[in-house]
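Here is the structure we will look at.
Proteins come first, then strands; the chains are lettered A, B, ... in the order of their sequence lines, and each starts at number 1. This one's a predicted model, so the numbers in the text were calculated from it and none came from an experiment.
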Amino acid sequence: MSAKLWLFKADPKEYSIDDLANEPNQTTSWDGIRNYMARNLIRDEIKKGDKILLYHSNADPKGIVGLGKVVRSAYPDDSALDQTSAYYDPKSAKDNPIWYMVDIKLVEIFPEVIELRELKDTRGLEKMMLTQRGSRLSIQPVRESEWKIIMQLASKVK
DNA sequence: GCCAACGTTGGC
DNA sequence: GCCAACGTTGGC
């Protein structure tokens, strides 16, 4: 089975692609997902080897900033059990975890951000979840055709 | 800073 | 189980 394609959003004020670049082995656990739709994707669909577009939201410029890959499939998000964590969730329990995370590793930082504006203006990306009005899901599936177009946009600026 | 869109909560 | 109220996301 071939790798699936995803887009992971992050607010760079909280966690940016540069933070990922500075991690040991440029790898981190993608914790803190507290939305059930995103959780279902993480837990059930996202597997080791899948490829990821990394997106900066609430930023200037906002857009796709690079690529990552999944290096560990879903396992319980222990930040949900940590009372000192901002992601603590009292409904979660060690023997019955609600929330999951995957580990991701940096693949590439694009030399320039592919801005949301540009994505919205690009033919073939009209149906991409990211470009839809009011789309807030922080983990999104990406179509093969959309991935290819974005790779072309990324190579143009090199 | 505003506010539309959307998910979640909680009263009933 | 419905749905209004509320909180959050995130583009503008």
For A:Tyr75, the other hydrophobic cluster members (4.5 Å side-chain criterion, sorted by chain and number) are A:Met101

Problem - A:Ile17 vs A:Phe110 side-chain heavy atoms within contact, under 4.5 Å - result: no

State the [atom1]-[atom2] distance between [X] and [Y], to the nearest 0.5 angstrom.
X	Y	atom1	atom2	answer
A:Leu153	A:Thr122	CG	OG1	4.5 Å
A:Gln26	A:Leu106	CD	CG	5.0 Å
A:Ser145	A:Leu5	OG	CG	9.5 Å

Hits for ring-ring contact (aromatic ring centres under 6.0 Å, His included) against A:Phe8, two or more places apart or cross-chain, chain-then-number order -> A:Trp30

Taken in chain and number order and not counting sequence neighbours, the residues that satisfy ring-ring contact (aromatic ring centres under 6.0 Å, His included) with A:Trp99 are A:Tyr36

For residues 77-98 of chain A, the ring-ring contact (aromatic ring centres under 6.0 Å, His included) pairs (sequence neighbours left out) are none

Can I get a per-line list of side-chain donor-acceptor pairs under 3.5 Å for residues 130-137 of chain A, giving both atom names and the distance, sequence neighbours left out?
{"from": "A:Thr131", "atom 1": "OG1", "to": "A:Leu125", "atom 2": "O", "distance (Å)": "2.9"}
{"from": "A:Thr131", "atom 1": "OG1", "to": "A:Met128", "atom 2": "O", "distance (Å)": "2.9"}
{"from": "A:Gln132", "atom 1": "NE2", "to": "A:Glu126", "atom 2": "O", "distance (Å)": "2.6"}
{"from": "A:Gln132", "atom 1": "NE2", "to": "A:Met128", "atom 2": "O", "distance (Å)": "3.0"}
{"from": "A:Ser135", "atom 1": "OG", "to": "A:Met129", "atom 2": "O", "distance (Å)": "3.0"}
{"from": "A:Ser135", "atom 1": "OG", "to": "A:Gln140", "atom 2": "NE2", "distance (Å)": "3.2"}

Ordered by number, residues from residues 76-85 of chain A within less than 4.0 Å of DNA chain C (heavy atoms) are none

Residues of residues 113-133 of chain A with a heavy atom under 4.0 Å from any atom of DNA chain C, listed by number, are A:Leu116, A:Lys120

Applying salt bridge (charged side-chain N to carboxylate O under 4.0 Å, His left out) as the test, list every pair that has at least one member in [range]; sequence neighbours left out.
range	answer
residues 27-39 of chain A	A:Arg34-A:Asp77
residues 84-95 of chain A	A:Asp89-A:Lys91
residues 45-71 of chain A	A:Lys4-A:Glu45

Under a 4.0 Å heavy-atom cutoff, the residues of residues 56-64 of chain A touching DNA chain B are none

Note: chain A reaches DNA chain C at heavy-atom distances under 4.0 Å over the stretch, first to last nt, 5' to 3', of C:dG7 to C:dC12

Next on the checklist: Just to be sure I understand the rule, does A:Asp11 reach a base, reach only the sugar-phosphate, or reach nothing, if contact means heavy atoms closer than 4.0 Å?
Outcome noted: nothing

